Amino acid sequence: MGIQRCSQMSVRRFCLQHDLKRKRHVSDTELERAVVRSIYQTGPSYGRKFMTGYSSMGVRAGECRVGKILKEIHQPYHEFRRQGARNLNPIPYYAEYMGHKLHLDQNEKLVMFGVTHVLAIDGYSSKIAANSTMPVKNNLVIYEEVYR
């Protein structure tokens, strides 16, 4: 294939001649402190990819090392992530009664045909509480028909 094989000594000699150095190695204790600091700031549910890229860590380390530290520090959360837990919001959604939380959604994909839909969905029952269809999005019509 045209690739010349090298020994370890040849690679070291080449690096010395061309002033090439390895990136600064971060010790495990320093990395652990940085990960704990990041967990304190963001919460324990994020995984190795987020923590590796999280800018306030202040250290550069590979995903594998960060993943090992996360596994050692927060074992229960590591198990949840391993099993596919994707709920990143630590506060669960909760509506106490009908009308407690109302979600507004609009669809403007058909605006070129003169149709705009606006829906109000109840957070407790997930039912459509009100809807309005109009030719152009108009806040007065939305207030009259959806917020009645």
Side-chain angles (χ1 to χ4, degrees), residues 1-3 6 8 11-12 14-15 18-148:
M1 292 202 146
I3 298 174
C6 306
Q8 286 183 356
V11 172
R12 285 184 188 151
F14 178 83
C15 290
H18 292 88
D19 197 29
L20 298 174
K21 296 179 181 150
R22 294 179 66 188
K23 291 182 181 177
R24 189 179 139 244
H25 181 73
V26 179
S27 68
D28 287 341
T29 56
E30 190 177 349
L31 180 61
E32 187 173 331
R33 272 191 243 122
V35 170
V36 167
R37 198 169 45 244
S38 297
I39 288 172
Y40 181 74
Q41 291 173 353
T42 61
S45 58
Y46 293 103
R48 64 181 163 76
K49 288 191 177 212
F50 178 84
M51 289 296 175
T52 301
Y54 188 63
S55 61
S56 75
M57 276 180 47
V59 295
R60 291 178 56 113
E63 284 183 15
C64 291
R65 287 187 65 203
V66 173
K68 287 176 187 175
I69 297 290
L70 282 171
K71 181 180 177 182
E72 293 170 6
I73 293 174
H74 280 274
Q75 188 66 34
Y77 290 103
H78 172 72
E79 285 299 319
F80 288 141
R81 284 190 302 271
R82 220 179 105 248
Q83 293 170 1
R86 301 300 296 171
N87 184 12
L88 298 178
N89 188 0
I91 301 169
Y93 179 86
Y94 180 70
E96 295 180 11
Y97 50 86
M98 184 155 176
H100 181 230
K101 294 190 179 183
L102 198 65
H103 301 277
L104 284 176
D105 193 14
Q106 64 186 11
N107 188 338
E108 297 181 32
K109 290 180 182 173
L110 298 174
V111 79
M112 67 177 81
F113 302 108
V115 179
T116 301
H117 298 292
V118 177
L119 297 170
I121 301 166
D122 180 53
Y124 180 74
S125 64
S126 298
K127 305 285 185 201
I128 297 174
N131 71 328
S132 177
T133 303
M134 59 200 86
V136 177
K137 184 180 168 186
N138 185 346
N139 290 337
L140 295 175
V141 174
I142 293 171
Y143 285 128
E144 288 173 2
E145 295 185 9
V146 176
Y147 288 114
R148 48 186 136 100

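Just so we're clear, the structure is a prediction, and the values are computed from it rather than from any experiment. Each residue takes its place number in the sequence, starting with 1.
- Heavy-atom minimum distance, Met51 versus Ile39: CE-CG1, 3.8 Å.
- Across all their heavy atoms, Asp122 and His100 have their closest contact at OD1-N, 4.4 Å.
- Gln106 has its side chain out of reach of His117: every pair of non-hydrogen atoms, C-beta onward, lies at least 4.5 Å apart.
- Considering CD1 of Ile128 and NE2 of His103, their distance stands at 13.0 Å, rounded to 0.5 Å.
- When all heavy atoms of Asn131 and Val146 are compared, the pair lying nearest together is C-CG2, 4.4 Å.
- Using a 4.5 Å heavy-atom cutoff, the side chains of Ile73 and Glu32 are in contact.
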Q: Go through Val36 and Tyr40 one step at a time and tell me if the side chain to side chain contact (heavy atoms under 4.5 Å, CB included) criterion holds.
A: CA-CA 6 Å; Val36 167; Tyr40 181 74; 5.6 Å; no
Q: Test Tyr124 against Leu102 for side chain to side chain contact (heavy atoms under 4.5 Å, CB included), laying out the working first.
A: CA-CA 9 Å; Tyr124 180 74; Leu102 198 65; over 6 Å; no
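- Residues Thr52 and Ala61 share a closest heavy-atom pair of CG2-O, 3.5 Å.
- Note that CG of Asn138 is 9.5 Å distant from CD of Glu145, once rounded to the nearest 0.5 Å.
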Q) Stepwise, does the side chain to side chain contact (heavy atoms under 4.5 Å, CB included) test hold for Lys137 with Val111? A) CA-CA 9 Å; Lys137 184 180 168 186; Val111 79; over 6 Å; no
Q: Tell me, with the steps shown, if Val66 and Leu70 meet side chain to side chain contact (heavy atoms under 4.5 Å, CB included).
A: CA-CA 6 Å; Val66 173; Leu70 282 171; 4.2 Å; yes
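- Closest approach of Val11 to Cys6, counting heavy atoms only: CG2-CB, 4.0 Å.
- Nearest approach of Pro135 to Thr116, heavy atoms of both residues: O-OG1, 3.9 Å.
- The local environment of CG in Leu104 is crowded, with over 12 non-hydrogen atoms from other residues, nucleotides or ligands closer than 6.0 Å.
- Within the structure, every pair that satisfies the salt bridge (Lys or Arg N to Asp or Glu O under 4.0 Å) test and touches residues 65-75, not counting sequence neighbours, is listed here: Asp28-Arg65.
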